[in-house]
Enquirer: 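Quick one: this structure, given as structure tokens, is what I'll be asking you about.
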Amino acid sequence: MRKVNQSKNVRLEIHKCPGCGAQIQFEQPGKPGFIPSDVYEKRLKEGKELLCQRCFKIKNYGMLISDADEEEIMDFLMRVIKNFKHILYVFDVFDFDGTYRPEIIELLSGANVLYVANKFDTLPSIISASQLKEWLRNRIDAPSSKIFVTSSKNGFGIKKLKKELEKLSGDLLVLGVTNVGKSSILKALTDSDVTVSPYPGTTIALVEHKLNKLRIFDAPGIITNDRMIELFDSDCQSKVFAKGEVSRKTFKPYPEDVIFVSGLCQIKAKLLDNFNNISSELRPIFQIYAPENVTFHKTKNEEFLESYSKHFGKLLVPPCKKFDLSLLNFKEERVIVSSDEELSIAGLCWINVKRGPVEFTLRLPENVKVHSREALMKPKRKFNENSDD
């Protein structure tokens with residue numbers, strides 16, 4: 001297929017971008033597949049790789065210049081799922097409740113589904129792969145042989161996964177929500193020259209790779225709209241959430257204290273009596289785990305609480321800059337979490353209770369999901385149940 005470039009009156013062949021699979025186009029800068037026609041012609045003559053401008057900037061400079069259309073991605077995904085016998089479902093172990101999606105898993109009945117628990121390197125080092133796998137087995141309806149713990153950052157578990165995939169033949173579809181590391185996993189598995197980026201929606205069409213007799217297709221990242229990370233622009237997501245390190249902070253708050261985790265989540269906590277679920281005179285103790293660049297701030301200053309948005313991008317991150325709070329509706333949610341449980345806020349953080357039960361009062365955007373779950377981090381240190389000393 002050929003297209004005339006009106007500005008230079010030259011004829012240019014149309015190809016798909018090898019990085020994202022989008023059709024090369026010349027009319028819409030910033031959209032998937034765009035490349036300036038003169039650059040296209042020059043690189044074609046020189047025999048150089050023809051990446052669209054979007055993939056070229058991601059690959060060489062880590063820059064994102066466009067976002068993916070959510071409705072288009074979901075419609076595309078619904079049309080292709082049924083065509084594959086094998087499915088590789090990738091999720092982020094740090095944000096398990098936000099990235100393991102039962103509603104998507106239900107669509108995969110009848111397929112051979114392998115589950116990849118990626119970003120193992122982001123968990124505290126005291127959690128072993130076997131401990132994580134046992135915890136996952138209580139949440140995923142699949143045998144242990146179908147669950148693979150990996151880290152695309154340091155290569156953990158990649159060889160074992162690759163060995164399993166080499167046994168398969170036919171077509172395999174790689175699925176996962178945005179920012180779970182699908183493209184990085186594929187690069188490690190196939191040594192293919194694919195677009196690797198922490199930005200969401202990098203792949204906007206199926207991109208084919210091969211591993212022995214297996215054809216592997218990377219699908220678009222699924223945008224869920226109920227994770228905190230998805231409220232921020234792609235540049236902020238990359239700066240804050242995609243670094244691979246996790247920070248931890250221990251809190252022992254008074255009832256009047258407000259703990260900010262980012263600028264959009266406020267937490268108050270009080271310890272309950274184990275038997276009557278009434279307030280205890282002691283203080284709760286818990287640890288919050290979040291990506292390294294997500295800030296924590298504890299306060300009871302009324303002036304700060306009334307004008308906290310002016311601290312966005314500085315003391316409270318994310319947001320990474322000014323943010324219009326009028327665009328969001330907020331909810332207040334109360335959750336009681338015991339010492340053998342954790343509280344997970346999708347796309348942001350999780351909280352491990354050391355002394356409980358704790359009644360958490362959360363103020364956060366209404367679409368963001370909150371989950372209580374069996375603790376992955378089992379408390380080892382015994383706290384004095386009768387004293388705050």
Side-chain angles (χ1 to χ4, degrees), residues 97 124 228 240 246-319 323 325 328 330-366 368-389:
D97 298 290
M228 185 73 81
V240 175
V246 170
S247 60
R248 175 190 69 186
K249 189 166 185 178
T250 301
F251 290 92
K252 190 178 178 181
Y254 290 98
E256 62 270 23
D257 288 332
V258 177
I259 300 168
F260 281 82
V261 184
S262 82
L264 300 187
C265 178
Q266 300 175 33
I267 301 173
K268 298 184 76 172
K270 63 181 179 180
L271 185 68
L272 300 180
D273 181 278
N274 265 309
F275 300 101
N276 302 313
N277 269 7
I278 60 175
S279 296
S280 169
E281 294 181 359
L282 300 177
R283 286 179 284 162
I285 301 175
F286 52 87
Q287 292 178 328
I288 303 180
Y289 294 81
E292 182 184 35
N293 292 321
V294 172
T295 60
F296 305 129
H297 181 69
K298 185 178 72 172
T299 185
K300 50 188 171 185
N301 184 292
E302 291 295 333
E303 183 179 348
F304 183 94
L305 293 171
E306 290 176 1
S307 59
Y308 66 89
S309 62
K310 72 180 183 181
H311 298 284
F312 288 169
K314 299 174 184 177
L315 189 60
L316 302 177
V317 178
F323 189 94
L325 289 175
L328 299 176
F330 282 79
K331 65 181 177 181
E332 186 173 285
E333 188 167 341
R334 286 183 172 83
V335 185
I336 296 176
V337 184
S338 67
S339 297
D340 59 353
E341 294 179 317
E342 290 167 343
L343 184 67
S344 169
I345 300 174
L348 180 64
C349 68
W350 47 280
I351 304 172
N352 182 262
V353 174
K354 301 299 183 184
R355 180 198 278 165
V358 180
E359 181 182 83
F360 290 100
T361 301
L362 311 173
R363 184 179 185 274
L364 71 172
E366 64 178 2
V368 175
K369 285 191 175 181
V370 177
H371 307 261
S372 60
R373 67 191 193 190
E374 177 190 355
L376 172 59
M377 292 283 295
K378 303 293 185 182
K380 292 184 178 181
R381 177 184 169 190
K382 296 295 183 181
F383 292 93
N384 189 334
E385 296 297 331
N386 301 310
S387 173
D388 272 334
D389 296 334

Enquirer: Establish, from distance only, whether the side-chain atoms of Thr250 and Gln287 form a donor-acceptor pair under 3.5 Å.
Expert: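 Indeed, the side chains of Thr250 and Gln287 share at least one donor-acceptor pair under 3.5 Å.
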Enquirer: To the nearest 0.5 Å, what is the distance between CG (Leu362) and NZ (Lys331)?
Expert: 8.5 Å
Enquirer: Quick one, Phe360 and Ile345 - any side-chain contact, counting heavy atoms below 4.5 Å?
Expert: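 A side-chain contact under 4.5 Å is absent here.
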Enquirer: Only one of Leu264, Val261, Val294 passes side chain to side chain contact (heavy atoms under 4.5 Å, CB included) with Met228; say which it is.
Expert: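 The single option meeting the side chain to side chain contact (heavy atoms under 4.5 Å, CB included) with Met228 is Leu264.
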Enquirer: Work out which heavy atom in Glu303 is nearest to a heavy atom in Ser307; give both atom names and the distance.
Expert: O-OG, 2.9 Å
Enquirer: Could you tell me the separation between the NE2 atom of His311 and the OG1 atom of Thr299, rounded to the nearest 0.5 Å?
Expert: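 Interatomic distance, His311 NE2 to Thr299 OG1, rounded to 0.5 Å: 8.5 Å.
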Enquirer: Determine yes or no for a side-chain-to-main-chain donor-acceptor pair under 3.5 angstrom, with Arg334 supplying the side chain and Glu359 the backbone.
Expert: no
Enquirer: Flag yes if more than 12 heavy atoms outside Lys314 fall under 6.0 Å of its NZ atom; otherwise flag no.
Expert: no
Enquirer: What distance do Phe286 atom CZ and Glu342 atom CD have between them, rounded to the nearest 0.5 Å?
Expert: 13.5 Å
Enquirer: Using 30° and 60° as the class limits, which term best fits the ring planes of Tyr289 and Trp350: parallel, tilted or perpendicular?
Expert: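 Parallel.
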Enquirer: Given Val368 and Leu348, is the side-chain contact (heavy atoms from CB on, under 4.5 Å) satisfied, shown in steps?
Expert: CA-CA 9 Å; Val368 175; Leu348 180 64; over 6 Å; no
Enquirer: Give the ring-plane orientation class for Phe304 versus Phe260, where under 30° counts as parallel, over 60° as perpendicular and anything between as tilted.
Expert: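 Rings of Phe304 and Phe260: perpendicular, over 60°.
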Enquirer: Any heavy-atom pair between the side chains of Leu305 and Val258 that's under 4.5 Å?
Expert: yes
Enquirer: Under 4.5 Å between any side-chain heavy atoms of Ile351 and Val358, yes or no?
Expert: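 A side-chain contact under 4.5 Å is absent here.
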Enquirer: How long is the gap from CG on Asn352 to CG on Asp340, to the nearest 0.5 Å?
Expert: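 Result: 10.5 Å between the selected atoms.
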Enquirer: Could you check if a side-chain atom of Tyr308 sits within less than 4.5 angstrom of a side-chain atom of Leu315, using non-hydrogen atoms only?
Expert: no
Enquirer: Below 30° counts as parallel, above 60° as perpendicular, anything between as tilted: where do the rings of Phe296 and Phe251 land?
Expert: perpendicular
Enquirer: If I compare all heavy atoms of Ser339 with all of Gly356, which pair ends up nearest, and what's the gap?
Expert: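 Of all heavy-atom pairs spanning Ser339 and Gly356, the closest is OG-N, 2.9 Å.
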Enquirer: Starting from the C-alpha separation in whole Å, work towards a yes-or-no answer on side-chain contact (heavy atoms from CB on, under 4.5 Å) for Phe323 and Leu316.
Expert: CA-CA 11 Å; Phe323 189 94; Leu316 302 177; over 6 Å; no
Enquirer: Nearest 0.5 Å please: distance from the CG atom of Leu343 over to the SG atom of Cys349.
Expert: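 Atom-to-atom, Leu343:CG and Cys349:SG are 7.5 Å apart.
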Enquirer: Strictly below 4.0 Å, N to O, side chains only: are Glu332 and Arg363 in salt-bridge contact?
Expert: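 No salt bridge links Glu332 with Arg363.
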Enquirer: Short question: side chain of Asp97, backbone of His371 - any donor-acceptor pair under 3.5 Å?
Expert: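 No, Asp97 side chain to His371 backbone: no donor-acceptor pair under 3.5 Å.
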Enquirer: Tell me the closest heavy-atom pair linking Val335 and Ser372, and the distance in Å.
Expert: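 Scanning both residues completely, I find the closest heavy atoms to be CG1-CB, 4.3 Å.
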Enquirer: Evaluate the side-chain proximity of Val317 to Val240: yes if any heavy-atom separation is below 4.5 Å, no if none is.
Expert: yes
Enquirer: Walk me through it: do Ile259 and Ile288 pass the test side-chain contact (heavy atoms from CB on, under 4.5 Å)?
Expert: CA-CA 10 Å; Ile259 300 168; Ile288 303 180; 4.2 Å; yes
Enquirer: First locate atom CZ of Arg355, then atom NZ of Lys252, and finally report the distance between them rounded to the nearest 0.5 Å.
Expert: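 These two atoms lie 5.5 Å from each other.
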Enquirer: Within a 6.0 Å radius of atom CD on Glu256, are there more than 12 heavy atoms belonging to other residues, nucleotides or ligands?
Expert: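 Yes, because the 6.0 Å sphere around CD of Glu256 holds more than 12 heavy atoms from other groups.
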